[in-house]
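As structure tokens, the structure follows; a few thoughts come after it.
The chains referred to below are lettered A, B, ... by the order of the sequence lines, with proteins before strands, and numbering in each begins at 1. Here the structure is a predicted model, which means the values were calculated and not measured.
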Protein chains: 2
Amino acid sequence: MAPRLPTALLMQIAARSAEDRIVEALRAAGFDDVTLAQGRLMAGIDVEGTRIGVLAARAQVSKQTATALLAKLERAGYAERIPDLDDGRATLIRPTARTLEAIEHARRQEAEIEADWSAHLGPRRMKQLREALEMLREITDPYFTPME
Amino acid sequence: MAPRLPTALLMQIAARSAEDRIVEALRAAGFDDVTLAQGRLMAGIDVEGTRIGVLAARAQVSKQTATALLAKLERAGYAERIPDLDDGRATLIRPTARTLEAIEHARRQEAEIEADWSAHLGPRRMKQLREALEMLREITDPYFTPME
DNA sequence: TAAAAATAGTCCTGCAGTCGTACTAATTCA
DNA sequence: TGAATTAGTACGACTGCAGGACTATTTTTA
């Protein structure tokens, strides 16, 4: 008899599969010098620039970790540091052309994954899935803000 | 306007929240000498014993990694090695009383999480969520077997 | 059935990720 | 203005992780 897997584990399985596909697609497109952890941080960089602390929070890692990862990203040409004029303590991280290109590739792969999932589930169930996950976010996302 | 987060990311957020809660609950119950990676491996140990390679596959890590993690688990009293009589090359990993106790605590916390989620979503949406996730597993779980 | 190929696990080594502690510089508060 | 807070960094220690090479066993095959 099939053991009923915890809902959270089912999510983890699907999420991991998606992450693997994105990493694979990036690798195939020539972005093979970015690791998974670096990519997660990179995904949080806004076009206008983002503070290190914010990136750390988004990726759910400490600022120390973010600093270390960003140093590597910067060396690989995936991030630029510029001083924050509003606050002398802060540093803004800005994406480079290469960063934006990588993010674009990732988004395309993401869309493909969603399409595959939707094809497998059917649009109705896919819609229900998203609806449930978005609601769940209200109680599981430590950085959830309704207006965001 | 709210940026539509990828479905996979929504899953990751919820799954991580669940994992954090389980780790926290175990820690509170005195199982504070097991790390997350070790716990993931431990979760795969069957009562009758499980081969190292199988545990590695379940946790999606290499055999080398599994060996190292199991050495720590064994030292902490969470696993026992016994030779596999059917195959002289293989080693079976068996849970100890402490392992089973820890797994029991984890299961209880899991049930609590499911209950919280269900309360937030309502039973109908929760059912739909599980249904979609179970279907999705068919195309996202590299170790999925229908009869399991 | 002896030799070759495959398999299970381990050891070694090196590197990425992670964070606690402690620090500097800048800002905000009282 | 002095004290407390905040942003980020440097250092050091540890975990997780896997590739390559190795041993012991089993399975295949010629």
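Note: Arg130(B) CZ to Trp117(B) CH2 = 10.0 Å, rounded to the nearest 0.5 Å.
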Side chains of residues 66-74 of chain B: which donor-acceptor pairs under 3.5 Å do they make with residues two or more places apart or in other chains?
unit_1   : atom_1 : unit_2   : atom_2 : d
Thr67(B) : OG1    : Lys63(B) : O      : 2.8
Glu74(B) : OE1    : Arg81(B) : NE     : 2.7

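For Leu41(A) and dA16(C), the CG to C1' distance is 14 Å, given to the nearest whole Å. When rounded to the nearest whole Å, the span between CG of Asp33(A) and P of dC15(C) equals 17 Å. Summarising the geometry, the separation between CG on Leu36(B) and P on dG16(D) is reported as 8 Å, rounded to the nearest angstrom. Protein atom CD of Gln38(B) is 5 Å distant from nucleotide atom P of dG16(D), rounded to whole Å. Atoms CZ (Arg75(B)) and P (dC14(D)) sit 13 Å apart, rounded to a whole Å. Rounding to whole angstrom units, CG of residue Leu70(B) and P of dT15(D) are separated by 16 Å. Atoms CG (Asp84(B)) and C1' (dT10(C)) sit 17 Å apart, rounded to a whole Å. Atoms CD1 (Ile93(A)) and C1' (dT9(D)) sit 12 Å apart, rounded to a whole Å.
With no hydrogens or angles considered, no side-chain donor-acceptor pair links Glu80(A) and Thr96(A) at under 3.5 Å. Side-chain atoms of Gln128(B) and Glu131(A) include no donor-acceptor pair closer than 3.5 Å. In this structure, a donor-acceptor pair under 3.5 Å is present between the side chains of Gln12(A) and Glu19(B).
Nucleotides of DNA chain C nearest to Thr35(A) and Thr50(B) differ in position, and the one nearer the 5' end is that of Thr50(B). The residue among Lys63(A) and Val54(B) whose nearest nucleotide of DNA chain C is located toward the 5' end is Val54(B).
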* Summarise how protein sits on nucleotides 24-30 of chain C as a single string, 5' to 3': B when a protein heavy atom is under 4.0 Å from the base, S for sugar-phosphate-only contact, - for no contact. => -BBS---
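When each of dG8(D), dT10(C), dG17(C) is scored by its nearest atom to the side-chain atoms of Arg51(A), the top-ranked nucleotide is dG8(D). Nearest to the side-chain atoms of Gln64(A) among the listed nucleotides dA7(D), dG9(C), dA10(D) stands dA10(D). When distances run from any side-chain atom of Thr91(B) to the nucleotides dG9(C), dG16(D), dT18(C), the shortest one goes to dG9(C). Side-chain proximity of Leu69(B) to dG9(C), dC17(D), dG17(C): nearest is dC17(D). Among dG8(D), dA18(D), dT18(C), the nucleotide with an atom closest to any side-chain atom of Ser62(B) is dA18(D).
The closest donor-acceptor contact from the side chain of Arg125(A) to the backbone of Leu121(A) lies under 3.5 Å.
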* Do Glu110(A) and Ile22(A) pass the side-chain contact (heavy atoms from CB on, under 4.5 Å) test, and can you show the C-alpha distance, the side-chain angles, and the key distance before you say yes or no? -> CA-CA 7 Å; Glu110(A) 249 163 38; Ile22(A) 291 172; 3.8 Å; yes
* To do: For Val34(A) and Leu26(A), run side-chain contact (heavy atoms from CB on, under 4.5 Å): C-alpha distance rounded to whole Å, both residues' side-chain angles, the deciding distance at 0.1 Å, then the answer.
  => CA-CA 9 Å; Val34(A) 187; Leu26(A) 283 176; over 6 Å; no
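Contacts of Thr67(B) with the nucleic acid, taken as non-hydrogen atoms under 4.0 Å apart, include base atoms. Using a 4.0 Å heavy-atom distance criterion, Arg81(B) is classed as a sugar-phosphate-only contact.
Follow the hydrophobic side-chain contacts under 4.5 Å out from Leu9(A) and you never reach Val23(B); the two are in separate clusters. Two different hydrophobic clusters hold Ile93(A) and Val54(A) under the rule that ILVMFWY side chains link at heavy-atom gaps under 4.5 Å.
Within the structure, a side-chain polar atom (N or O) of Thr65(B) is placed less than 4.0 Å from OP1 or OP2 of dA18(D).
From one end of the helix from dT1(C)-dA30(D) to dA30(C)-dT1(D) to the other, with five pairs defining each end axis, the axis direction shifts by 30° (rounded to 10°).
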